[in-house]
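Basis for what follows: all heavy atoms, side chains included, without hydrogens, waters or symmetry-related copies. Naming: A, B, ... by sequence-line order, numbering from 1 per chain.
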There are 2 protein chains.
Amino acid sequence: MSYTYKYAKPAVTADCVVFALDEEDLKVLLIQRGQEPFKGQWALPGGFAEVGESLEDTARRELEEETGLKNVFLEQLYTFSKPERDPREHVITVAYYALVNLADHEVHASTDASNAAWFGIDDIPALAFDHDAILTTAHERLRGKISYQPIGFELLPEKFPLRILQSVYEKILDRDLDKRNFRKKILSMGILQELDEIETDVGHRAARLYRFNKQEYDRKVEQGFNFKM
Amino acid sequence: MSYTYKYAKPAVTADCVVFALDEEDLKVLLIQRGQEPFKGQWALPGGFAEVGESLEDTARRELEEETGLKNVFLEQLYTFSKPERDPREHVITVAYYALVNLADHEVHASTDASNAAWFGIDDIPALAFDHDAILTTAHERLRGKISYQPIGFELLPEKFPLRILQSVYEKILDRDLDKRNFRKKILSMGILQELDEIETDVGHRAARLYRFNKQEYDRKVEQGFNFKM
DNA sequence: TAAGATAGTGTGTAAAAAACACTATATCAA
DNA sequence: TTGATATAGTGTTTTTTACACACTATCTTA
């Protein structure tokens, strides 16, 4: 089977920069390429767009095929189109970034990619194509985004203590925050539901758990509320 | 001549939302389509990506071909990829937005498009494809962008009085600003060069002219200076 | 039961944003 | 030439927001 067009067409792919957090730092999910070009090298998960499928669908499909991840927070990042970015032919890639919480999403390399693994943001190996530039762009975007939109919850399990939420902000913004000021600000947004539950299995006083209140958040977005940190 | 590929490929276009300002309001440049589909309807200038050309180059090339505009401020906006957005086939479009000043750039429809004209942002006709959605996205982006990056100068001639610069902000943000606060803030950025010239041909006291100091601006960007309005 | 670890809480100070009004200088028309 | 009109240009006060800062409470573990 083959497809013939009157004009030459560039190819189109969707690539994903998947962020997660563990106790230590911000992580990025990479896959080890099973085919040429860049066979054996690490790269962002992603693949070719199919006709009839939106690029967000492409991104989600490839992400699941290559890493098993699905139902993640996903937003478009930027489209990279320099003709020389792929040695085979002109390939345009529409990059997305995703946020996942490690607790709910186990990662396993699927058939498409020979391997998948998390890497600390400061410990990224050499990447295939221009994926280092994509990753840098995504990291900058994440930093900028969290300052005026509460997306940090996407990196956490459903219930969490404020300490952990603060550490999300600290790891992404890469600076320490004042505990009292942080709590004041985040609670004043009115998008956290205080639960009648506390942490378990911690070697110190257990903290109260909170949950992100999406209904309230959506209502406030509607009203033009400002979520600036 | 034809091109054959092993896999089906979506087509790729670049479209431009070109903004300008006149005395009354914010304008958008549209072209009237000369071919089907949507023949005779208004649309954003743009066209198909060629292999070997970055999408920004595509956008600039099509813009010049269709409207005669070149050397404009241009930034990527968003990529639209719903398969049904073009009735012919699956066409992905990478949208850009451009800022031009009407004084320096005369617009003339070229061969590609049957007609080109400016429309007030509140007076846009029905548009081809999903171009209304693209335009809305661009307008929102422009509003957001000007609040933390001094791009308003791109819409003005080289020399301008502060009153006109203020009106740029007012028209884009769609609200009145306090003259004294505006002057304080914009001058404190230190990116305006005060000229030894004043307006001419005005029916009132003539105002001093200023010029955007790109060197200073670039220096301050380098240093991470914040241009928030 | 003492040591260690984190939870949880309020106030004062500094910086930034917003509100606000008058005098100066030019043009234009009578 | 003079009065009407139109915009230029200029500081201060008030309000809001951001930042700095330290102690007591509660739980765990040895």
Side-chain angles (χ1 to χ4, degrees), chain A residues 23-24 143-144 146-150 156 159-171 173-211 220 224-229, chain B residues 21 23-24 143-144 146-150 156-157 159-171 173-211 220 224-229:
Chain A
E23 284 72 34
E24 287 82 44
R143 254 203 299 272
I146 202 171
S147 303
Y148 61 92
Q149 208 172 310
L156 295 180
K159 302 170 181 181
F160 51 83
L162 292 184
R163 160 179 46 90
I164 298 293
L165 183 59
Q166 181 175 343
S167 83
V168 170
Y169 279 81
E170 288 178 332
K171 282 168 188 165
L173 296 173
D174 204 23
R175 63 189 166 94
D176 289 344
L177 301 176
D178 178 84
K179 180 164 66 161
R180 280 170 295 189
N181 292 338
F182 176 80
R183 284 168 174 244
K184 243 182 299 176
K185 204 181 284 184
I186 204 85
L187 289 174
S188 75
M189 287 181 185
I191 54 172
L192 284 185
Q193 184 185 355
E194 185 177 318
L195 301 175
D196 284 332
E197 279 180 77
I198 57 171
E199 291 178 286
T200 52
D201 299 318
V202 284
H204 52 78
R205 175 177 172 184
R208 178 178 294 279
L209 296 178
Y210 289 81
R211 183 200 322 228
K220 300 207 166 187
F225 190 92
N226 187 350
F227 294 97
K228 194 178 171 303
M229 285 299 291
Chain B
L21 274 172
E23 285 71 34
E24 287 82 42
R143 254 203 299 271
I146 203 172
S147 302
Y148 61 92
Q149 207 173 311
L156 295 179
K159 301 171 182 181
F160 50 84
L162 292 184
R163 161 178 47 86
I164 298 293
L165 183 60
Q166 181 175 343
S167 83
V168 170
Y169 279 82
E170 289 178 332
K171 283 168 187 163
L173 297 174
D174 204 22
R175 62 187 168 96
D176 289 343
L177 301 176
D178 178 84
K179 180 164 66 160
R180 280 170 295 187
N181 291 339
F182 176 79
R183 285 168 174 245
K184 243 182 298 176
K185 204 182 282 186
I186 204 85
L187 289 174
S188 74
M189 287 183 187
I191 54 172
L192 285 184
Q193 184 184 357
E194 185 177 318
L195 301 175
D196 285 332
E197 277 180 79
I198 56 171
E199 293 179 285
T200 52
D201 298 318
V202 285
H204 52 78
R205 175 177 173 187
R208 177 178 295 278
L209 296 179
Y210 290 81
R211 185 201 321 230
K220 300 207 167 188
F225 189 92
N226 187 350
F227 294 97
K228 196 178 170 304
M229 284 300 292

Using heavy atoms and a sub-4.0 Å distance, could you list which residues of residues 177-191 of chain B are near DNA chain C? By number, please. B/D178, B/R180, B/N181, B/K184
Over all heavy atoms of both residues, which pair between A/M229 and A/I146 is shortest? Give the atoms and the distance, please. CG-O, 4.0 Å
Distances for protein N/O vs nucleotides 27-30 of chain D N/O pairs under 3.5 angstrom?
from, atom 1, to, atom 2, distance (Å)
D/dC27, O2, A/R205, N, 3.4

Identify, with sequence neighbours excluded, every residue that meets side-chain hydrogen bond (donor to acceptor under 3.5 Å, both in side chains) alongside B/K159. B/E197
Give every residue pair that meets the ring-ring contact (aromatic ring centres under 6.0 Å, His included) criterion with at least one member in residues 176-201 of chain A, sequence neighbours excluded. A/Y169-A/F182
State which residues pass side-chain hydrogen bond (donor to acceptor under 3.5 Å, both in side chains) with B/K184; sequence neighbours excluded, sorted by chain then number. B/N181
What residues, two or more places apart in sequence or in another chain, satisfy salt bridge (charged side-chain N to carboxylate O under 4.0 Å, His left out) together with B/R180? none
Quick one: list whatever passes side-chain hydrogen bond (donor to acceptor under 3.5 Å, both in side chains) with A/R208, sequence neighbours left out. A/E194
Residues that B/F225 engages under ring-ring contact (aromatic ring centres under 6.0 Å, His included), provided they are two or more places apart: B/F227
Where chain A begins and ends its contact with DNA chain C, read 5' to 3' at 4.0 Å from heavy atoms: C/dA5 to C/dT11
Quick one: list whatever passes salt bridge (charged side-chain N to carboxylate O under 4.0 Å, His left out) with B/R143, sequence neighbours left out. none
Could I get the full list of ring-ring contact (aromatic ring centres under 6.0 Å, His included) partners for B/Y210, not counting sequence neighbours? none
Can you sort out the partners of B/R183 under side-chain hydrogen bond (donor to acceptor under 3.5 Å, both in side chains), two or more places apart, ordered by chain and number? none
